[in-house]
Structure formats: structure tokens, C-alpha cells
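To find a chain, count down the sequence lines: A is the first, B the second, and so on, and within it residues start at 1.
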Protein chains: 2
Amino acid sequence: MHFSDLSMRQQKILRFILAFTTSHHYPPTIREIGDEVGISSTSVVNYNLSKLEDFELISRDREVSRGLSLNLPRLAEIGLAFDEANGNYASAMDGLAASAENARSHRFRIPVLGKIAAGQPIPVIPSEPYDPEGWIELTEGMLSLPTGRLFALRVQGNSMIDASVLNGDIVILQQQETANNGDMVAAWIEGDEETTLKYLRREGDMVHLMPANPNPEYQPIVRPADKVRINGKVVSVIRML
Amino acid sequence: MHFSDLSMRQQKILRFILAFTTSHHYPPTIREIGDEVGISSTSVVNYNLSKLEDFELISRDREVSRGLSLNLPRLAEIGLAFDEANGNYASAMDGLAASAENARSHRFRIPVLGKIAAGQPIPVIPSEPYDPEGWIELTEGMLSLPTGRLFALRVQGNSMIDASVLNGDIVILQQQETANNGDMVAAWIEGDEETTLKYLRREGDMVHLMPANPNPEYQPIVRPADKVRINGKVVSVIRML
DNA sequence: ATAGTACACGAACATTTGTGCGATGTCAAG
DNA sequence: CTTGACATCGCACAAATGTTCGTGTACTAT
């Protein structure tokens, strides 16, 4: 299951819910979704919403207005794709007050999507739907890189301790399918069905995911390149004490 | 303006909104609030909600179901006492001035005031944020609700490398005159006329400022307590790669 | 006393908003 | 060609939900 496996409408719906929820602090209605995604019938939105619920990408409270919430950790798992043009996913939507508010400010709003294992990778990231604890906002000069497609994860485990990334830290990643040797990346390992935070190293057709911890308990993970999918590259680390 | 200045109903309403939003991931309706707080009339809830909006403690979207959201930074400012029954954030805090002049947006704006040495002297930390070289914005849950003014500094030097604070990192500090043993603090050393970033340790009348670097080049600084002034305590570390 | 203000109540009202259902189009399997 | 799962559309309906308004009470200032 990958984000791109979803229908275009479902992808748009997810992106819209994320953008809307982030800027409004409450979820959108069926009609608001329909208007934005270009679905005239509320029942079609409802239909797709139910599909997304089957995939556990959202959860719904029936008969409750705006009774839905994103399962952001799961979204991160399947590789939510951000809007290319605007970089910032939050301004992906047009015609909303949100985008207007966003357009004039040179800020990066970054969702904290969930946790990532740095250590013994955990099979499935335990997830609660939309965690309101999570979004951070940085201003222009704070990030040097082309601003775009950013998301954040909370680190679990100590495998990257030598890279000064500790258990509990938040890493900000730039969403990308490829990365260079030496980059710290979030990688999905097919077969193992797990995501982990490691240094990337390529050797021929093999990909080495290198921990940064001298303890022998942490060993490199070596896999064929086609069994590893890069979710993003770490561009920033944040720690709360 | 303090939290306890609000009417009991308004206090209850705020606590309920917080509890409800936390557990449902969307805000409550007027009637849900009324039921919980013990208000039979929806108009009374509406009335009090409008009051709270005047105080900028919440923001509302008119004619929108569940169209309200808490202004957490402002809430922290006025010292919201959380409900023990609901578990979270049970500690009573006496919030003081934070930097939340942008009340509608529910964000913490943190000025980056300058550099701090891990071994080098730097100028005083101004009590009035002026001419920051930049600023960072974090939102609501990113920081455990601050009880004081926040500011940020850019780290120079490697004396705290063992604490995973590297050269070039940005540390966010909470302004306070005192700190506990083990806290990482920015301290002004009288006589030396310099500010430095170190771990704090008290021993009798002496204050030890401990580096976190095994290299013998970095030595603890030991001074009489009255020669050391704490400028703030590190609550967060940010690193850009 | 009189007027004014803040707060509260309840009921009627007007939207907003989720749900249900019949009809249509597509496409691949039988 | 027929069948049937998918996905879509439009529309009617009912429930959920914000708004308005007339009334009442208590307290304050004039």
C-alpha cells in the first residue's frame, strides 16, 4: 500500500483534510471537501471517506458534523505526497481563506505526523488519529533548503545517538524518493514492513541503512535497493527538554 | 487578567473544550458544551463563548458547526488551571508574559537574539526583544506550556557536544532567574563578563557550570553563587542540516 | 424609585450537514 | 452480450447545530 495507490480523488481529499485541519483547527465537512476536490455529490465524498476509513487513513464519528480525523502516522507510513507547485502542502488548496492567509507569509508549516523508529524498527507505528500536538512552524531564513514537502516525525530509539539525534527528538524531513550517500533518511523496508531512521549508503544494488551508535546491538540493515523505499531526508532536528 | 477572573462557567467551558478536543480531535458543539457545563440554554453557551472570544481565549468561525478553537498560548499566559479529573496538564501554572501578541494565530513566536558561546563571551541578553536576527515560531503543543518568556540563541562551540548540542544549533530558552541542578542554562558570569551555555550544578554556595565534552580543554567553571546569574533554561534544541 | 448593565433561560427558527437511495456510466470477467 | 463490482451523480430527508428574540433576575449607578 502506497499513497499513490489511492485514487486521485482520495489523495486530494487527504491532502485537503490535512490542510484544512491545520489551518482551521477543526475538520472540514463533507460538502467542504466536495467543493474543494471537485465532487458535486455529497454521497460520493461520503463514499470515498468510507474507503479511506477502511484503509485506516482516517477515522470517522458517524452522524457527527465534522466528525473525522486523520491518521497521520499511517499517512506518513504510506508516503503522503505533498503538493509540488507550492511546496508547502498547506497552500496546496486554492480558494480557501487558509491559502490566502498562508500566501503572504513566508513560513513553513510542518505537520508532525507520528513516530519513527531509530533502533529496532517497530513493525507498525502505533497510531492515534490526528495528533493535535503536532505542527511546527519555522520562518524563512531558518531553513536553507528549497522549502517544500516537509513533514516531521518523532524519534523512538537511540540508534542515531552518535549523530546527536536522541530518543524523543523530532526530525523534520523533506519528502523525496531518493537521497545521497550519507544523508539521514527515513526508509520503508519492504518485507519487514517497517520504517526506520538511518544513514543511507549505497553499494551497488544494495542499500545499507547505517545506525549511528557504537553499541553492537545496533547493526546496519542491508537490503536490495528495490526493497527499500526512501520516504524523506532529514533536514532538521528539534528536541524538547 | 487571570484565569480565575473568569466566571466559573467560563472556566468550566474552557476546560471542557480542551478535554473534548484532546479526546475527539475536533471541537465540541454549543450543546455539547452546555450539557457538560450544566447550561440548559444554547444561547447562554453562545453568550459565554462570545465573551471568551472577546478575551481572545478562543476564536470562532460563525455559522460553522464546531467552529471554534482554543488559543492555548494565551490560555497559558493567564494561567489556566487544568482539571485534575481529565489527567493531562494537571499542574497548575501561573503563566506570565509570553510572546503572543498574535493571538488569533495561536502560536509562540520566539526571537533569535544572538549567539551564545560554549566557551566564548557574548553580550548580555536583552530583556526587551529587539532586533532579533530572526525568529522561530512553534505552535501550541510543541512546547510543554511555557511559563515565561521564550527566546533563542545560536550555539557557538562544542562544549555541550555530549549533551547532543552541537556547534550551530539553536537553543530555545525560557527566561528565568533560577534553575535546578542538571538543567542546561545560559549563565552570565560576573567578573568574566560573559555568558555561557552549561549544565548547572550547585554545591553549597558555589555554582558549577559543567560542560558536556570529555575533551580536557573544556573545564567546569566554578564560581560563588552570587557571581553567576541565570538568564534562562534550555527547553528546546533545534538543528538545521 | 428608575434606568442600565450583565447574565441567564427557553423556545422558535434557519442553516448546516450527514445519510439514504435510485439511476447512470465504466470496465473487466464470464 | 450480460453480469456485477466500482465509482459517480443528484436529490430528498432528517438530524445536528448555530442564531435570534422575548423574558426574567440581580446588582449598580443615578
Side-chain angles (χ1 to χ4, degrees), chain A residues 1 3-17 20-21 23-70 93 95-98 129-130, chain B residues 1-17 20-21 23-70:
Chain A
M1 168 60 112
F3 185 74
S4 52
D5 296 337
L6 297 169
S7 77
M8 197 50 62
R9 279 187 161 175
Q10 286 161 4
Q11 295 183 30
K12 277 174 131 180
I13 287 175
L14 287 173
R15 277 198 291 262
F16 173 66
I17 295 175
F20 187 98
T21 307
S23 57
H24 288 76
H25 289 136
Y26 50 82
T29 65
I30 286 185
R31 284 175 180 77
E32 283 165 341
I33 296 172
D35 288 347
E36 192 62 28
V37 179
I39 299 177
S40 59
S41 172
T42 56
S43 63
V44 176
V45 178
N46 186 62
Y47 171 82
N48 282 289
L49 249 21
S50 297
K51 283 291 176 194
L52 291 173
E53 190 181 24
D54 292 341
F55 297 144
E56 295 183 75
L57 292 168
I58 66 175
S59 55
R60 304 182 69 188
D61 283 8
R62 296 317 167 108
E63 320 210 354
V64 167
S65 68
R66 303 175 188 276
L68 58 88
S69 57
L70 287 175
M93 308 298 135
L96 279 191
Y130 179 55
Chain B
M1 171 56 138
H2 189 269
F3 185 72
S4 52
D5 297 335
L6 297 170
S7 78
M8 196 51 63
R9 279 188 160 174
Q10 285 161 4
Q11 295 183 31
K12 277 174 127 180
I13 288 176
L14 287 174
R15 277 197 291 261
F16 173 65
I17 295 176
F20 187 99
T21 307
S23 59
H24 288 78
H25 300 117
Y26 49 81
T29 65
I30 284 184
R31 283 176 181 77
E32 283 165 341
I33 295 173
D35 289 346
E36 188 65 24
V37 179
I39 299 176
S40 60
S41 172
T42 55
S43 63
V44 176
V45 178
N46 185 59
Y47 171 81
N48 283 289
L49 247 24
S50 296
K51 283 291 175 194
L52 291 173
E53 190 181 24
D54 291 341
F55 297 144
E56 296 183 83
L57 292 168
I58 65 174
S59 49
R60 304 182 70 189
D61 283 9
R62 297 316 169 105
E63 321 210 354
V64 169
S65 69
R66 302 173 190 278
L68 58 89
S69 59
L70 288 174

Summarise protein proximity over nucleotides 8-15 of chain D in one line of letters, 5' to 3': B for base, S for sugar-phosphate only, - for none, counting protein heavy atoms closer than 4.0 Å.
SBBB----
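For the pair B/Ser65 and C/dT17, the criterion of a side-chain N or O lying under 4.0 Å from OP1 or OP2 is met. The phosphate of D/dG18 has neither OP1 nor OP2 within less than 4.0 Å of any side-chain N or O from B/Asn46.
Atom CG in A/Asp54 sits about 14 Å away from atom C1' in D/dA7, given to the nearest Å. As rounded to whole Å, 8 Å separates atom C1' of D/dG18 from atom CZ of B/Arg60. Spacing between atom CG of B/Leu68 and atom P of D/dG18 amounts to 8 Å, rounded to whole angstrom units. Atom CD1 of B/Ile30 is separated from atom P of C/dT16 by 14 Å (rounded to the nearest Å).
Residues forming a side-chain hydrogen bond (donor to acceptor under 3.5 Å, both in side chains) with A/Asp5 (at least two apart in sequence, or on another chain): none.
Looking at B/Ile33 and B/Phe20, their side chains never come closer than 4.5 Å, going by heavy atoms from C-beta outward. Within the 4.5 Å cutoff, the side chain of A/Leu57 has heavy atoms near those of the A/Leu14 side chain.
Out of D/dA7, D/dT19, D/dG18, the shortest distance to the side chain of A/Lys51 is found at D/dA7.
Ion pairing between a basic and an acidic side chain is recognised when a charged N comes within 4.0 Å of a carboxylate O; B/Arg62 and B/Glu53 show such pairing.
Between the side chains of A/Arg60 and A/Ser50, at least one donor N or O lies within less than 3.5 Å of an accepting N or O.
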